[in-house]
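Reading through the C-alpha cells given below for one structure.
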Amino acid sequence: MVSAVFHSPLEGLSAPKATPNSTASAAPTYPTTPMPELQPPSAATAASPAPSRGWDLRFLWASVLPPVLGLVFLVAVWSVVASTSNSGIPTPMQTWAQAVEVFSDPFYQVGPNDQGVGWNVLMSLQRVAVGFGLAALVGIPAGFAIGRFEFLSRMFNPLISLLRPVSPLAWLPIGLLVFKGANPAAIWTIFICSIWPMIINTAVGVQRVPQDYMNVARVLNLSEWKIFTKILFPAVLPYLLTGVRLAVGTAWLVIVAAEMLTGGVGIGFWIWDEWNNLNVASIIIAIFVIGIVGLVLEFGLIKLATLFTYEEVKS
C-alpha cells in the first residue's frame with residue numbers, strides 16, 4: 001500500500017532537520033510561538049472621519065440650482081425691462097416693498113368690495129371648490145357610464161366633441177341669464193369647464209380595462225355593482241385622478257377671468273380693481289399669488305395620486 005503523509009507548511013520553517021542519529025519514530029516539532037493578541041482599535045482610528053459622500057453636491061446641482069437660476073433669470077429680465085422701458089412696470093424692489101405692505105394685513109375688511117388679498121383668495125378657492133365638486137358629482141359617474149356602455153358612448157361622444165372646445169367664458173353670459181347673479185354664474189363657469197376632463201379621462205380608463213377582466217366577471221356572473229367596485233374602480237383610479245388634476249388646474253385658471261367680468265370678491269376682481277387704481281405692483285403680486293396657489297393645488301393632487309396608484313406621477 002502507498003500511504004500519503006501531509007505535513008503542515010509551517011514544518012519546513014521551524015522543524016529541525018533530521019540527523020542520521022535520529023530515529024524514525026521521533027515526533028515532529030511544531031512552532032509554539034503564541035498568536036498575537038487582538039488589540040482594540042486606537043482612539044485615532046475610531047475617531048477618523050468617514051469618507052465624504054458626494055450625493056449632497058449632486059443633489060444641489062440637479063435639484064436646487066436649476067430652479068434658483070430660473071428665478072434669478074426671471075428677476076434679471078424683469079429688472080432690465082422695468083429700467084429700460086417707459087411702460088410703467090415697477091422694478092422687483094418696488095414690487096417687494098408693495099408686497100410687504102399687502103401681506104402685512106392680508107385679512108383686513110373695510111367694506112364689501114375693500115378686503116385684503118387673503119379674503120379674495122379664499123373666496124376664489126370657495127367658488128372653485130363648489131364648482132369642481134358639482135362637476136365631480138356629475139362627471140365621474142357619467143364617465144363610468146359612457147366608458148362602460150357602448151350605446152351611451154356613441155350617443156354622447158358627438159356632444160362632448162362639440163361642447164368641449166368652447167371657451168369657458170362663453171358660458172358665463174348663459175350663467176348670468178339663468179341664475180341672475182354673479183356668484184352662481186362664476187360657479188356655473190367652473191362647473192362647465194371642469195366636467196369635460198373628468199368625463200373624458202374616466203371614460204378612457206374604463207375602455208382600457210383589459211377584456212380578460214370583463215370575461216372573468218361574465219363567467220362569475222357578477223352584478224354591475226360588483227364589476228364597478230371590484231374591477232372598474234381600481235383599474236380606472238389613475239385615469240380618474242389625472243382628470244381631477246386637469247379639472248382643478250383649468251378651474252383655477254378660469255375663475256380669475258370670470259371674477260374679472262362678474263365683480264364682487266375674488267382674486268380676479270382684486271386684479272381688476274388694482275388696475276382701475278393703476279397699481280401695477282399689486283397686479284404683479286396677484287400674478288405670483290395665483291401661481292403659488294395653483295402650484296400648491298397641483299402638488300397636493302400629485303401627492304394624493306401617489307397614495308392611491310402604483311405608477312409614478314409627474315407634473
Side-chain angles (χ1 to χ4, degrees), residues 112-113 115 117 119-147 152-206 239-276 283 286-287 289-291 293-298 300-301:
N113 294 328
Q115 301 182 12
V117 63
W119 292 118
N120 288 282
V121 171
L122 290 178
M123 181 57 68
S124 297
L125 288 175
Q126 179 182 350
R127 293 191 180 105
V128 169
V130 174
F132 172 79
L134 294 174
L137 290 176
V138 176
I140 293 176
F144 273 103
I146 291 173
L152 295 179
S153 177
R154 294 178 180 274
M155 177 179 176
F156 287 103
N157 277 341
L159 297 178
I160 295 174
S161 301
L162 175 65
L163 300 177
R164 185 175 61 87
V166 177
S167 172
L169 294 181
W171 296 97
L172 185 60
I174 304 298
L176 291 172
L177 177 64
V178 173
F179 299 105
K180 311 296 182 182
N183 189 54
I187 294 175
W188 155 257
T189 306
I190 297 301
F191 169 83
I192 204 66
C193 77
S194 302
I195 194 171
W196 308 125
M198 285 187 281
I199 290 178
I200 295 173
N201 281 273
T202 305
V204 169
V206 173
Y239 297 90
L240 191 152
L241 292 176
T242 301
V244 168
R245 288 174 54 199
L246 294 175
V248 169
T250 305
W252 184 242
L253 291 174
V254 170
I255 191 59
V256 177
E259 289 173 346
M260 284 184 179
L261 298 176
T262 58
V265 180
I267 190 66
F269 171 75
W270 191 67
I271 293 176
W272 192 251
D273 187 58
E274 294 299 322
W275 166 249
N276 291 330
I283 296 176
I287 291 173
V289 169
I290 294 169
V293 173
L295 185 63
V296 171
L297 291 175
E298 178 75 9
L301 289 173

Worksheet entry | Taking every non-hydrogen atom, the tightest pair across Trp252 and Val128 | CE3-CG2, 3.9 Å

Response to the item:
d(Glu259 CD, Met123 CE) to nearest 0.5 Å is 9.0 Å

Fill in: Heavy-atom donor-acceptor pair, Asp273 side chain to Phe269 backbone, under 3.5 Å
no

Worksheet entry | Glu298 side chain vs Arg245 backbone, donor-acceptor pair below 3.5 Å | no

Worksheet item: Is a side-chain donor or acceptor of Asn120 paired with a backbone partner of Gly266 at a separation under 3.5 angstrom?
Response: yes

Worksheet item: Can you tell me how far the CH2 atom of Trp270 sits from the CD1 atom of Ile290, to the nearest 0.5 Å?
Response: 9.5 Å

Worksheet item: Heavy atoms, side chains only, cut-off 4.5 Å: are Met260 and Val256 in contact?
Response: yes

Worksheet item: What is the distance from atom OG of Ser124 to atom CH2 of Trp119, rounded to the nearest 0.5 Å?
Response: 13.5 Å

Fill in: Closest contact, heavy atoms only, Ile140 versus Thr202
O-CG2, 3.8 Å

Discussion item. So, taking the atom named OG1 in Thr189 and the one named CG in Leu172, what distance separates them when rounded to the nearest 0.5 Å?
Written reply: 4.0 Å

Worksheet item: Which pair of non-hydrogen atoms, one from Val206 and one from Phe144, has the smallest distance, and what is that distance?
Response: CG2-CD2, 3.6 Å

Practice prompt. Apply side chain to side chain contact (heavy atoms under 4.5 Å, CB included) to the pair Met198 and Phe132, showing each step before the final yes or no.
Written response: CA-CA 10 Å; Met198 285 187 281; Phe132 172 79; 4.0 Å; yes

Worksheet item: What heavy-atom pair brings Val254 and Cys193 nearest, and what distance separates the two atoms?
Response: CG2-SG, 3.9 Å

Fill in: Pair Ile199-Val138, side chain to side chain contact (heavy atoms under 4.5 Å, CB included): steps then yes or no
CA-CA 9 Å; Ile199 290 178; Val138 176; 5.9 Å; no

Worksheet item: When rounded to the nearest 0.5 angstrom, what distance separates CD1 in Ile192 from CD1 in Ile174?
Response: 10.5 Å

Item to complete: For the residue pair Trp196 and Leu163, establish whether any side-chain heavy-atom pair is separated by less than 4.5 Å.
Response: yes

Worksheet item: Do Leu176 and Trp171 pass the side chain to side chain contact (heavy atoms under 4.5 Å, CB included) test, and can you show the C-alpha distance, the side-chain angles, and the key distance before you say yes or no?
Response: CA-CA 9 Å; Leu176 291 172; Trp171 296 97; over 6 Å; no

Discussion item. For Ile190 versus Ser194, what's the shortest heavy-atom pair and its separation?
Written reply: O-OG, 2.8 Å

Discussion item. Working note: Leu261 + Trp272, criterion side chain to side chain contact (heavy atoms under 4.5 Å, CB included); need CA distance, chi angles, decisive distance, verdict.
Written reply: CA-CA 9 Å; Leu261 298 176; Trp272 192 251; over 6 Å; no

Worksheet item: What's the shortest heavy-atom distance between Pro141 and Ala136, and which atoms?
Response: CD-O, 3.6 Å

Worksheet entry | Any side-chain heavy-atom pair of Leu301 and Leu241 under 4.5 Å | no

Discussion item. Could you measure the distance from the CD1 atom of Ile146 to the CE atom of Met155? Nearest 0.5 Å is fine.
Written reply: 9.5 Å

